[in-house]
Amino acid sequence: MRPDARSTAPTWADVAPIFAEKCAGCHTPGGIAPFSLRSARTAAAYANGILVMTRLGRMPPWMPGQDSPAYLGQSRRILTSAEKTLIARWVRGGARIGAGQPVKPVGGTTTAPGTTMTLAPARSYLPKAAIGGLDDYHCFLLEPPT
């Protein structure tokens with residue numbers, strides 16, 4: 001590593017907005033993902049895995065199955081090449097925490113601690129992975145009661 005590489009490497013403050021917008025919806029405490037990306041320390045602990053999964057295009061997990069309906073704003077969920085580059089620079093620069101606040105998912109809702117909401121799809125779905133595949137990604141829109 002060049003002597004000045006660490007000083008020019010991005011910090012948490014640089015990558016946190018990307019994680020907030022495109023990752024923290026699932027990577028949140030108690031979320032569907034196996035770890036949270038809402039804190040700098042947790043993100044730094046998983047930095048190498050984040051680099052691998054974003055470079056392979058496996059995170060965020062998109063696109064849904066070919067038979068899934070279009071998702072409003074789906075193009076905003078995909079990491080751009082500039083965002084992938086910034087994340088890679090952050091990881092390669094030592095996943096520096098620097099200054100920064102915990103992130104909250106963009107457009108996410110907050111609920112009171114201990115609150116549970118159970119939603120059910122209109123009809124059941126049986127996953128069917130592609131030939132040789134292991135996963136079947138689909139997006140289901142569930143409307144909460146008003």
Side-chain angles (χ1 to χ4, degrees), residues 1-2 5-111 113 115-144:
M1 182 183 309
R2 294 187 337 258
R6 264 188 93 71
S7 63
T8 61
T11 67
W12 172 250
D14 299 306
V15 296
I18 298 169
F19 292 146
E21 183 179 350
K22 301 194 176 176
C23 309
C26 296
H27 286 274
T28 191
I32 191 170
F35 57 90
S36 173
L37 286 177
R38 289 178 53 186
S39 81
R41 292 198 193 294
T42 305
Y46 288 95
N48 290 324
I50 292 167
L51 177 62
V52 169
M53 296 305 278
T54 56
R55 292 196 90 198
L56 291 174
R58 293 192 178 167
M59 285 291 142
W62 200 260
M63 296 295 286
Q66 295 294 336
D67 59 339
S68 294
Y71 178 82
L72 182 62
Q74 69 188 32
S75 63
R76 291 189 309 257
R77 179 173 159 122
I78 300 167
L79 289 172
T80 66
S81 61
E83 290 168 333
K84 288 180 182 181
T85 299
L86 181 61
I87 290 169
R89 286 182 51 230
W90 176 68
V91 173
R92 290 186 183 122
R96 295 184 326 134
I97 294 173
Q101 299 297 316
V103 300
K104 293 184 180 170
V106 172
T109 60
T110 58
T111 57
T115 301
T116 301
M117 178 184 292
T118 303
L119 302 174
R123 62 179 192 262
S124 63
Y125 175 78
L126 180 63
K128 40 189 181 301
I131 296 173
L134 300 175
D135 293 320
D136 179 19
Y137 293 111
H138 276 74
C139 178
F140 297 96
L141 301 178
L142 302 175
E143 294 292 331

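These values consider heavy atoms only, across backbone and side chains, with no hydrogens, waters or symmetry-generated copies. All residue numbers in this chain count up from 1 along the given sequence.
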#### Entry: ring pair (Phe, Tyr, Trp, His ring centres under 6.0 Å) assessment of Phe19 paired with His27
CA-CA 9 Å; Phe19 292 146; His27 286 274; 8.6 Å; no
### Query
Mind checking what makes side chain to side chain contact (heavy atoms under 4.5 Å, CB included) contact with Leu119, not counting sequence neighbours?
Met117, Leu142, Pro144, Pro145
With a 3.5 Å cut-off and sequence neighbours excluded, list the donor-acceptor pairs that the side chains of residues 82-91 form with protein atoms.
from  : atom 1 : to    : atom 2 : distance (Å)
Glu83 : OE1    : Lys22 : NZ     : 2.7
Glu83 : OE1    : Thr80 : N      : 2.8
Glu83 : OE1    : Thr80 : OG1    : 3.3
Glu83 : OE2    : Lys22 : NZ     : 3.3
Thr85 : OG1    : Ser81 : O      : 2.9
Arg89 : NH2    : Thr8  : O      : 3.3
Trp90 : NE1    : Arg96 : O      : 3.0

### Task
Quick one: closest heavy-atom pair of Ser36 and Pro29, and the distance?
OG-CD, 3.4 Å
### Summary
Rounding to 0.5 Å, atoms CZ (Arg55) and CD1 (Ile50) come to a distance of 14.5 Å
### Task
Carefully, step by step, assess Arg41 and Ile97 under the rule side chain to side chain contact (heavy atoms under 4.5 Å, CB included).
CA-CA 7 Å; Arg41 292 198 193 294; Ile97 294 173; 3.4 Å; yes
#### Entry: Gap between atom CZ of Phe35 and atom SG of Cys26 - 0.5 Å precision
11.5 Å
### Task
Check whether any side-chain N or O of Thr28 sits under 3.5 Å from a backbone N or O of Gly31 as a donor-acceptor pair, and report yes or no.
no
### Close side-chain approach of Pro60 to Leu79, heavy-atom, < 4.5 Å
yes
### Query
Can any side-chain N or O of Thr54 pair as donor or acceptor with the backbone N or O of Leu51 at less than 3.5 Å?
yes
### Query
If every non-hydrogen atom of Ala9 is compared with every non-hydrogen atom of Gly93, which pair is closest and at what distance?
CB-CA, 3.6 Å
### Task
Can you sort out the partners of Ala45 under side chain to side chain contact (heavy atoms under 4.5 Å, CB included), two or more places apart, ordered by chain and number?
none
